[in-house]
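Only one structure is covered here, and it is reproduced in the block below.
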Amino acid sequence: HAKRQGRNRSTLFDSEIQMTARSRFALESDLREALQSGSLDVFYQPIMDSTGRAVESMEALVRWQHRERGWLSPIEFLDVARNAGLMYQLGACVLKRVCANWREARERGIHLPTISVNLSAEQVLVPELPELVQQICRDQQMPVSALQFEVTEDSIQGDFGVIGKVLEQLVAAGAELAIDDFGTGYSSLSRLKSLPFSRIKIDRSFIKGLPDDENDCAITLSIIGLAGGLGLSVVAEGVETEAHETWLFEKGCDYLQGYRYSRPQPFSDIIQRYFAG
Ligand code: C2E
Ligand code: MG
Ligand code: MG
Ligand code: MG
């Protein structure tokens, strides 16, 4: 009896693993298809000035509308893309969509603020990335200076020779460079110093506890101070409440981003809400 139960249990277990592997494989092949056809989408979240009133720039965030599963967020498919070696291609898709959106706005007479695009570890390790960026911008008659790029501390841990050159060429082409989720990755103050960053984004995990959590206050304040000392601007991510906003404004944080102002939205909605008429 025990033996049969054991066998049943292991059969169930095997089929669960198979199911997971199968659905993972299905997602991977759907993703390949979406990348081929350029059907990944990009949502935009505004980044506000220090008062929270004016839009300073906006961040492009990848989304995927899967025919069966509906809208998928990056956490649901970036791992699949990473394991399948599709991150460079995904990044190229996002860039193409962002630049196409920029051009569409321009054709309607709308001047968008700077658009900030996230770059992956895989992208910054490709020496041809700056040429790709320039090519895509050229195709849409968009200046590279309309773009900003965000990299996390962890995504710049690879070959410093290559990464340094790639980032410098992007900046030489006119883009700005921000360090994303600052404070959560491998601390790399020497890289912060030696790479051409002009902006620090404080990770939202430190903003959450403001103004009650003393540690979050101390960390946030010191990052604002660090940015000031290095001549960089500073953005707080994950600003959700008036209390967050007030505290950050008083401490001299330059820019604010978070659900308090807007969730990431489809391009047409962001245009409608902030830039049309
Ligand atoms: P991130 O670059 O740090 O982007 C900010 C994330 O925080 C976004 O999640 C955004 O929706 C979320 N967020 C913004 N304001 C708030 C808030 O007030 N509260 C909370 N709880 N969350 C807030 P999202 O869009 O799910 O993206 C997650 C991560 O996926 C991004 O973090 C980024 O690391 C990555 N990602 C997104 N799009 C791309 C892309 O095109 N390329 C690459 N390589 N990575 C991307
Ligand atoms: Mg980001
Ligand atoms: Mg971030
Ligand atoms: Mg973050």
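From a predicted model like this one, the values you see are computed outputs, not experimental measurements. Order of appearance sets the numbers: ligands from 1, and atoms from 1 within every ligand.
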- Query: For ligand 1, which atoms, with element, lie under 4.0 Å from some heavy atom of Gln45?
  - Reply: 14 (C), 15 (N)
- Message: Could you tell me, atom by atom, which parts of ligand 1 come under 4.0 Å of a heavy atom of Asp181?
- Response: 3 (O)
- Item | From the candidates Ser205, Gly258, Pro74, the one that places a heavy atom nearest atom 28 (C) of ligand 1 | Pro74
- Side-chain donor-acceptor pair present, Asp49, Thr51, cut-off under 3.5 Å: yes
- Answer yes or no: does an N/O atom from Gln257 fall short of 3.5 Å to an N/O atom of ligand 1? no
- Between Ser120 and ligand 1, which residue portion shows a heavy-atom distance shorter than 4.0 Å: side chain, backbone, both, or neither? both
- Query: Which bit of Asp203 gets closer than 4.0 Å to ligand 1, counting heavy atoms only: side chain, backbone, both or neither?
  - Reply: neither
- Message: Within the supplied structure, the quantity of interest is the number of heavy atoms (other residues, nucleotides, ligands) at a distance under 6.0 Å from Phe160 CZ; does it exceed 12?
- Response: yes
- Query: Among side-chain atoms of Glu176 and Ser198, is any donor-acceptor pair under 3.5 angstrom?
  - Reply: yes
- Query: Do any N or O atoms from the side chain of Ser222 and from the backbone of Ile219 form a donor-acceptor pair under 3.5 angstrom?
  - Reply: yes
- Task: Pick one of side chain, backbone, both or neither for how Thr152 approaches ligand 1, counting any non-hydrogen atom pair under 4.0 Å.
- Result: neither
- Query: So is Gln123 polar-close to ligand 1, meaning N/O to N/O under 3.5 Å?
  - Reply: no
- What do you reckon, does Tyr259 have a nitrogen or oxygen under 3.5 Å from a nitrogen or oxygen of ligand 1? yes
- Task: Check step by step if salt bridge (Lys or Arg N to Asp or Glu O under 4.0 Å) holds for Arg204 and Glu240.
- Result: CA-CA 10 Å; Arg204 70 164 184 268; Glu240 294 188 352; 5.9 Å; no
- Between Glu59 and ligand 1, which part of the residue brings a heavy atom under 4.0 Å of the ligand: side chain, backbone, both or neither? side chain
- Query: Should the heavy atoms of other residues, nucleotides or ligands under 6.0 Å from CD of Glu131 be counted, would the total exceed 12?
  - Reply: yes
- Query: Is the closest N or O pair between Leu78 and ligand 1 shorter than 3.5 Å?
  - Reply: no
- Per-atom contacts of ligand 1 with Pro264, taking only distances under 4.0 Å to non-hydrogen atoms: 11 (O)
- Message: How wide is the angle at the Mg ion (ligand 2) spanned by Asn118 OD1 and Glu59 OE2, rounded to 10 degrees?
- Response: 90°
- Task: Would you check the N or O atoms of Ser73, main chain and side chain alike, for any that come under 3.5 Å of an N or O of ligand 1?
- Result: no
- Task: Calculate the angle formed at the Mg ion (ligand 3) by OE1 in Glu237 and OD1 in Asp180; 10° precision is enough.
- Result: 100°
- Item | Test item: Asp154 side-chain N/O and Tyr186 main-chain N/O as donor-acceptor pair under 3.5 Å | yes
- Query: Which of the atoms of ligand 1 are close to Glu240, meaning less than 4.0 Å from one of its heavy atoms?
  - Reply: 17 (C), 18 (O), 19 (N), 20 (C), 21 (N)
- Hey, is there an N, O or S on Glu150 sitting under 2.8 Å from the Mg ion (ligand 2)? yes
- Query: Going by heavy atoms, is Gly91 under 4.0 Å from ligand 1?
  - Reply: no
